[in-house]
There are 2 protein chains.
Amino acid sequence: MPIDIAVALDAVVAAVSDDEPRVLVRPGGDPASDDALPAGPFDPETDATLDAGLRRWVTEQAGLELGHIEQLYTFGDRGRDARRRVLSVAYLAFVRESEPRVASVGWRAWYHYFPWEDWRDGRPAIVDEVIHPAVDAWIAAAPDADERRRRERRARRTVGLRGTVWNDTLVLERYELLWEIGLVAESPIPGGVHLGERMAFDHRRIVATALGRVRGALRWRPLVFELLPPDFTMAQLQKTVEALAGRRLHTPNFRRLVEDAGLIEPTGAWRQTTGRPAALVRFRPEATTERPDTGIAIR
Amino acid sequence: MPIDIAVALDAVVAAVSDDEPRVLVRPGGDPASDDALPAGPFDPETDATLDAGLRRWVTEQAGLELGHIEQLYTFGDRGRDARRRVLSVAYLAFVRESEPRVASVGWRAWYHYFPWEDWRDGRPAIVDEVIHPAVDAWIAAAPDADERRRRERRARRTVGLRGTVWNDTLVLERYELLWEIGLVAESPIPGGVHLGERMAFDHRRIVATALGRVRGALRWRPLVFELLPPDFTMAQLQKTVEALAGRRLHTPNFRRLVEDAGLIEPTGAWRQTTGRPAALVRFRPEATTERPDTGIAIR
DNA sequence: CGACTTATTCTAACTTTGAGAAGAAGCTCC
DNA sequence: GGAGCTTCTTCTCAAAGTTAGAATAAGTCG
């Protein structure tokens with residue numbers, strides 16, 4: 001007979017504004033200084049589904065109308081919340097740039113919590129100056145050769161140690177490594193340098209899961225369009241993708257990729273810029289029936 | 001204040017034997033005739049994590065040692081289980097072919113529940129003879145033009161209507177469409193033809209989620225190797241991938257793909273066949289650090 | 001008008017993929 | 001022992017897709 005348990009719904013509400021991916025946070029959680037994700041109870045009496053429950057309380061609390069939502073992960077580790085054992089089902093939700101901003105909650109840049117994930121202005125200095133040295137020390141401190149080999153392999157895979165590739169979708173794996181070696185404030189390891197801003201409980205881990213999911217999904221689902229207004233320019237689309245992917249893309253190739261995939265169509269209108277005017281385009285929903293993967297297959 | 005609720009852990013335990021992907025089921029659930037997934041309670045007192053809870057009771061009940069496990073999805077819809085409102089966290093687990101088989105539970109072929117997903121011997125007849133006509137009728141029955149367009153688009157995307165592509169990863173979306181139009185026995189729509197074998201509760205939906213996940217993950221993670229013995233031949237690997245993907249692959253290209261990705265290395269040993277002997281190979285774990293995606297990028 | 005900015009198109013080298021042919025190495029059977 | 005069969009393995013070549021850079025177009029600003 002299962003023992004009953006409280007279930008909470010955590011929301012990672014994502015938007016992109018001013019070319020910056022942002023997440024909705026409750027400023028002042030518990031402890032007061034840390035940002036926390038908005039969370040609400042799942043009430044089996046009133047909510048027919050988990051999705052409906054999430055939409056209900058986000059609308060109630062933040063006054064936001066959510067677009068596409070999807071389940072992220074269910075967290076049930078002991079010690080997540082010191083006060084009480086809860087299970088929390090985390091959701092990822094998208095909101096368009098045009099949605100009204102609310103006073104009771106704040107929008108924080110995603111890379112505020114994960115500065116090492118933003119490669120748009122080149123390789124972040126902290127990767128070579130902080131992360132790699134710390135990871136090297138951790139590998140050297142392995143108790144035996146077998147463990148050292150495992151650590152070496154893991155570090156190559158997650159943080160591109162010794163010239164190996166930096167896989168931009170491994171956001172969670174990277175955060176977990178930094179947590180283990182004491183480079184983030186939430187880590188139980190005392191002292192040391194702490195990267196990025198901390199969040200309450202295990203919320204930064206949840207946001208890492210979300211960012212990884214977004215980056216992965218970008219490639220095979222038309223997900224960016226949930227974050228853009230109905231009509232947009234190619235430059236706007238590219239900036240949004242770059243913001244999420246955390247790296248720059250080659251403009252002519254990006255354009256060809258998106259056009260050849262039939263993902264967009266011209267609206268016929270134009271938008272003034274400080275240079276040549278840009279054609280306005282819109283998403284083509286029929287694209288989803290024409291190709292197996294309807295994402296922006298960067299790389 | 002959240003209301004407490006019972007939490008169950010459902011397991012989709014997958015293995016491939018005799019070139020057939022199989023799933024572990026409890027024969028005789030409730031009602032007695034339907035196969036059910038093995039499920040156990042999550043006990044917050046004894047289990048530190050959800051993963052640990054799952055491993056504990058699978059070992060207890062089925063005597064199986066699970067390899068890699070991963071969380072699939074959390075289901076909380078009202079009406080899933082008529083007896084009581086429960087939340088269930090579904091997991092996907094892999095077991096090697098060599099693992100002992102247990103008497104109390106049975107291994108059923110995946111395609112027993114999803115005959116329309118197996119394209120290894122060509123396009124299944126039921127696609128053109130049953131599914132497409134029924135989907136056509138459902139589109140024609142739309143109340144208005146707008147809804148008809150939506151249905152048309154959805155049908156093209158999920159079941160490849162009117163010559164569009166059949167996307168082999170959309171297993172869940174396909175099952176849900178068949179459910180909605182009454183082509184599976186679990187559907188609330190009365191009468192009609194029913195495809196595949198039914199399962200208890202919403203368990204077929206969970207297995208559909210698992211199959212879709214496996215097919216998707218195949219492309220970017222070295223997941224097949226969890227299902228194979230340590231040493232295997234290229235033909236064995238290809239057969240296993242084909243079994244999961246549900247379609248045939250071009251042997252020379254498959255070999256080149258896997259070899260060029262550095263996924264395998266020769267063991268030096270050979271295996272007798274009824275033709276030319278085959279070289280035995282093993283998975284190369286270092287591959288995970290050399291490329292961003294370490295899957296078998298079929299398609 | 002000239003300089004600058006942003007958008008858009010073009011092109012050439014290179015890489016990957018798709019499909020088939022052909023060769024290699026065993027077996028069975030006459 | 002060789003013909004024919006089976007399975008494994010290598011090769012080839014055209015088609016398609018990707019990368020990177022140059023060039024062009026169409027506006028704004030001073």
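Predicted model, so just to flag it, every value in this text is computed and none were measured. Every chain is numbered from 1, with letters handed out A, B, ... down the list of sequences.
- A:Arg276 is linked by a salt bridge (charged side-chain N to carboxylate O under 4.0 Å, His left out) to nothing, counting only residues two or more places apart in sequence or in another chain.
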**OP:** Can you check each nucleotide of nucleotides 6-15 of chain C against protein heavy atoms at under 4.0 Å and return B for base, S for sugar-phosphate only, - for none, in 5' to 3' order?
**Re:** BBBBB-----
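- Not counting sequence neighbours, the partners of A:His250 by the side chain to side chain donor-acceptor pair (under 3.5 Å) test are A:Asn253.
- If you take CZ of A:Arg271 and C1' of D:dT28, they are 17 Å apart, rounded to a whole angstrom.
- With sequence neighbours left out, the salt bridge (charged side-chain N to carboxylate O under 4.0 Å, His left out) criterion links A:Asp293 to no other residue.
- In this structure, B:Asp231 has no salt bridge (charged side-chain N to carboxylate O under 4.0 Å, His left out) partners at least two apart in sequence or on a different chain.
- Whole-Å rounding puts the A:Arg291 CZ to D:dA16 P distance at 13 Å.
- Mapping A:Gln272 and A:Leu257 onto DNA chain D via the closest heavy atom, the residue that lands nearer the 5' end is A:Leu257.
- Checked against salt bridge (charged side-chain N to carboxylate O under 4.0 Å, His left out), A:Arg157 has no partners two or more places apart in sequence or in another chain.
- The distance from atom OG1 of B:Thr209 to atom CG of B:Leu72, rounded to the nearest 0.5 Å, is 6.5 Å.
- Rounded to whole angstrom, the span from the CG atom of B:Leu237 across to the P atom of D:dT9 amounts to 12 Å.
- Rounded to whole Å, the distance from CG on A:Asp260 to P on D:dG17 is 8 Å.
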